[in-house]
There are 2 protein chains.
Amino acid sequence: MDQQRARRPRISDVASEAGVSKSTVSIAFNNPERLSPETTARIRAVADALGYRPHPVARMLAQRHTSTLGILTPQALVVAFANPFFSMFSQGVASVAEEFGYGLLFVSPLHGSLARAVTRASVDGFVAIGLSEDHREVEQIRQARLPIVLVDSAAFPEHGSITVDDEAGAFSAAEHLLDLGHRQFLVLAVEPPQPGSEDALAAPALDGVSSRRLRGYRRALEARGIVLGDERVAIDSPTFAGGAAALNRALDSGIEFTGVLAMSDVMAIGAIHAAEERGLKVPEDISLVGFDDIDEAEHTCPPLTTVRQPVREKGAEAARLLLAAVDRRDFEPPEHRRLGTQLITRESTTSIGPRVEEVTRPIEDKQGIGPAN
Amino acid sequence: MDQQRARRPRISDVASEAGVSKSTVSIAFNNPERLSPETTARIRAVADALGYRPHPVARMLAQRHTSTLGILTPQALVVAFANPFFSMFSQGVASVAEEFGYGLLFVSPLHGSLARAVTRASVDGFVAIGLSEDHREVEQIRQARLPIVLVDSAAFPEHGSITVDDEAGAFSAAEHLLDLGHRQFLVLAVEPPQPGSEDALAAPALDGVSSRRLRGYRRALEARGIVLGDERVAIDSPTFAGGAAALNRALDSGIEFTGVLAMSDVMAIGAIHAAEERGLKVPEDISLVGFDDIDEAEHTCPPLTTVRQPVREKGAEAARLLLAAVDRRDFEPPEHRRLGTQLITRESTTSIGPRVEEVTRPIEDKQGIGPAN
DNA sequence: CCGGTTTATTGAACCGGTTCAATTGGAGGA
DNA sequence: TCCTCCAATTGAACCGGTTCAATAAACCGG
């Protein structure tokens with residue numbers, strides 16, 4: 001009994017027990033139609049009796065594919081899974097992975113090195129999310145000689161990519177607030193993922209996504225003659241706490257604003273609560289627009305106005321592109337796809353109301369937002 | 001160039017290029033200290049030049065372990081990741097997996113069969129969540145001869161397990177509402193995960209978790225002479241929509257209640273919004289207590305009173321138990337651990353206020369909650 | 001009864017590494 | 001000079017399957 005459990009039965013055990021060759025057993029499991037029904041039945045019976053299961057790793061090695069897709073993230077999984085955005089994205093990837101019978105392996109830095117983790121991962125390809133554009137990571141990953149699809153970065157034309165029109169989305173968010181009469185703004189920017197501990201260099205300004213969104217905000221504001229000073233861009237982690245902290249810092253610094261442009265819903269939600277804790281009402285005192293449109297955005301208090309990006313679809317498309325690249329081992333040029341965004345107006349934004357006169361007085365206006373301020 | 005890219009270099013390429021044996025190359029990568037520094041350096045250089053990386057699958061096969069943990073769920077990943085509870089749990093597992101250099105593979109039913117998926121998964125062990133107690137799945141998984149830790153079920157003493165004192169948690173939730181004067185209740189129960197398509201049988205009443213919580217609610221109510229009829233238990237999926245639907249059905253059916261006991265925060269949040277859409281105020285008209293204490297619970301409107309269970313810790317402990325079982329290949333008895341819960345009082349519950357007199361009139365009371373009603 | 005197919009099965013090579021006992025060469029001691 | 005010992009390196013077996021060309025047996029019409 002214990003001996004039985006001690007060693008996992010292998011294909012040769014089944015073969016000898018059933019009086020056939022290894023090959024035949026293998027065929028019985030993979031191409032039963034090639035065998036006589038009786039043989040297949042007998043082999044199956046023996047296999048069941050022995051409790052035999054083909055060893056997945058051995059099978060992978062022989063077949064040269066793993067039926068597994070990797071989701072690559074530069075953040076620790078602990079922080080990634082804390083972000084509803086990431087979960088949503090994973091849903092998208094998972095939906096098509098499951099449809100095609102692929103498993104999902106999450107790959108995050110191993111002892112601070114993404115490259116090392118990539119080396120250890122047995123997958124047929126990677127969907128990479130959150131990799132900063134310039135990153136050598138991509139370079140190193142290439143060594144794995146596996147197909148990879150970059151999400152939110154098209155910096156590597158030789159790999160497939162899925163992007164979202166961040167700039168246009170941000171533009172529409174800012175314009176929405178402008179249309180409501182706001183003239184004094186604060187941007188809540190998401191901190192790029194911390195570089196692995198091996199990268200000694202200080203965090204670069206902002207990653208691709210953030211800088212594209214910032215550009216969108218700025219373009220909209222500048223179109224109405226408003227310059228967004230750097231002191232009005234508060235950077236923090238894309239968490240409830242990060243959003244709260246960023247808002248609090250801005251409030252403490254004495255900057256005046258009525259419109260908050262958050263680069264992530266999670267930060268926006270955190271900011272709402274920070275604001276209310278300080279006695280500011282949303283949207284009466286502060287209007288706030290998020291980004292992403294995560295499921296929770298509809299259930300906050302007040303429900304969040306936000307820029308919807310098709311997060312699940314992004315994941316699904318990335319997976320589709322990846323599977324296509326996995327299938328054709330040839331070298332067709334990779335695909336690049338860009339998805340759109342949509343402003344969802346809920347209740348966290350309102351026209352500036354009582355302060356409208358104040359704002360429309362050109363001088364105060366200028367004071368409030370001048371670049372030197 | 002293209003030929004180079006066409007075939008991935010293998011260890012023998014490096015060996016012959018460096019003028020050493022395969023073994024030496026292997027050692028250079030795994031036990032460099034056993035080699036002379038010069039040899040190691042030369043081999044490393046050649047390997048870099050060729051772009052060689054040890055093939056992860058081959059390595060797994062030879063070493064007989066994968067450095068990967070599996071998270072097993074009977075639900076499709078698409079639905080699992082839609083549940084913040086699941087993400088939180090995954091965080092816990094991920095935190096210890098990462099700490100010990102393990103990757104995370106999510107395993108969900110393959111073509112409707114969990115057993116099939118398990119067979120294909122190359123992992124060193126499984127953390128299983130959401131498996132209904134009686135399930136044959138566990139039986140089948142055992143065939144994989146891999147260690148497994150069951151979460152929320154201790155029905156298999158031969159496997160490790162982590163449970164939470166669901167009954168006590170539910171008890172405290174109900175008692176909280178009772179203390180606030182409520183006498184008419186509605187329970188929002190989470191639907192057990194749909195059985196795989198292979199299981200033809202209709203969904204069983206409730207899974208282990210749900211029935212334990214229900215028992216807790218009932219015990220608390222009965223201690224005050226209140227019987228909870230089945231018509232007061234609305235079952236639906238653990239989603240925002242499920243919670244909303246369940247509440248709406250109850251409202252439509254004409255059942256009267258002032259206290260809602262939800263078995264999941266997500267359902268509770270959905271229910272809050274359904275209630276408010278029908279013009280009912282929370283907590284003035286309906287008091288509502290959730291279960292889990294997901295991150296969002298603090299940010300809903302109103303903030304949710306709920307039973308906190310240590311979800312992350314649950315995941316982390318499960319992973320620890322699993323790693324322990326993976327390490328010792330021997331047959332020490334598996335560990336079983338049970339974690340506690342804690343009532344977190346926020347603002348979705350309040351004393352029944354104006355209706356107190358009404359409730360305290362014994363006759364009406366009886367009418368409202370009698371088992372025949 | 002024979003050559004030509006077709007069908008069921010098999011042997012050997014291979015996937016790409018790791019492991020460990022055995023070998024080699026040189027340094028140190030007697 | 002010879003022997004011992006140690007450090008560096010290697011050969012062969014192994015991990016547990018899949019694959020494909022080759023074989024053997026059965027079948028068929030002529």
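Note on naming: letters A, B, ... go to the chains in the order of the sequence lines (proteins, then strands), and numbering restarts at 1 for each one.
- Separating the CG atom of A:Asn30 from the C1' atom of D:dG16 is a distance of 13 Å, rounded to the nearest angstrom.
- Heavy atoms of A:Val25 sit nowhere under 4.0 angstrom from any nucleic acid atom.
- Look at CZ on B:Arg7: it is 13 Å from P on C:dC14, rounded to the nearest Å.
- Judged purely by distance below 3.5 Å, without hydrogens or angles, the side chains of A:Thr24 and A:Ser21 pair a donor atom with an acceptor atom.
- Within a heavy-atom distance below 4.0 Å of DNA chain D, the residues of residues 43-64 of chain B found are B:Leu61, B:Ala62, B:Arg64.
- Distance A:His65 NE2 to C:dG16 C1': 17 Å, rounded to the nearest Å.
- Across all strands, A:Thr39 comes closer than 4.0 Å only to sugar-phosphate atoms, never to a base (heavy-atom distances).
- Of the residues near DNA chain C, B:Arg10 and A:Arg42, the one whose nearest nucleotide (by heavy atom distance) lies more toward the 5' end is A:Arg42.
- Ring geometry for B:Phe81 against A:Phe81 counts as parallel: the plane angle stays under 30°, on a 0 to 90° scale with 60° as the upper cut.
- At a cut-off of 3.5 angstrom, counting only N and O atoms as typed in the model, there is no donor on one side facing an acceptor on the other between the side-chain of B:Ser21 and the base of D:dG11.
- Both the sub-6.0 Å distance and the 45° axial angle are satisfied by B:Arg44 relative to the ring of B:Phe29.
- Atom-to-atom, CZ of B:Phe29 to C1' of C:dT19 comes out at 17 Å; the value is rounded to the nearest Å.
- Using a 4.0 Å heavy-atom cutoff across all strands shown, A:Ser36 reaches sugar-phosphate atoms only and no base atom.
- In this structure, B:Ser161 and B:Ala154 approach most closely via the heavy-atom pair OG-CB, 3.9 Å.
- Summarising the geometry, the separation between CD1 on B:Ile27 and P on C:dT19 is reported as 9 Å, rounded to the nearest angstrom.
- In this structure, of C:dT9, D:dA8, D:dT10, it is C:dT9 that holds the atom nearest to the side chain of A:Arg34.
- Closest approach of B:Asp48 and B:Arg53 over heavy atoms only: OD1-NH2, 4.5 Å.
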Might you work through the side-chain contact (heavy atoms from CB on, under 4.5 Å) test for B:Phe156 and B:Ile148, ending with a clear yes or no?
CA-CA 10 Å; B:Phe156 297 83; B:Ile148 179 170; over 6 Å; no
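- Atom pair B:Glu38:CD and D:dA8:P shows a separation of 9 Å (rounding to whole Å applied).
- The base of D:dT19 lies close enough to the side chain of A:Ser23 for a donor and an acceptor atom to sit less than 3.5 Å apart.
- Here the side chain of B:Glu335 pairs no donor or acceptor atom with the backbone of B:Leu321 at under 3.5 angstrom.
- Side-chain N/O atoms of A:Lys22 and base N/O atoms of C:dG11 include no donor-acceptor pair closer than 3.5 Å.
- Note on A:Thr24: a side-chain N or O is less than 4.0 Å away from OP1 or OP2 of C:dT10.
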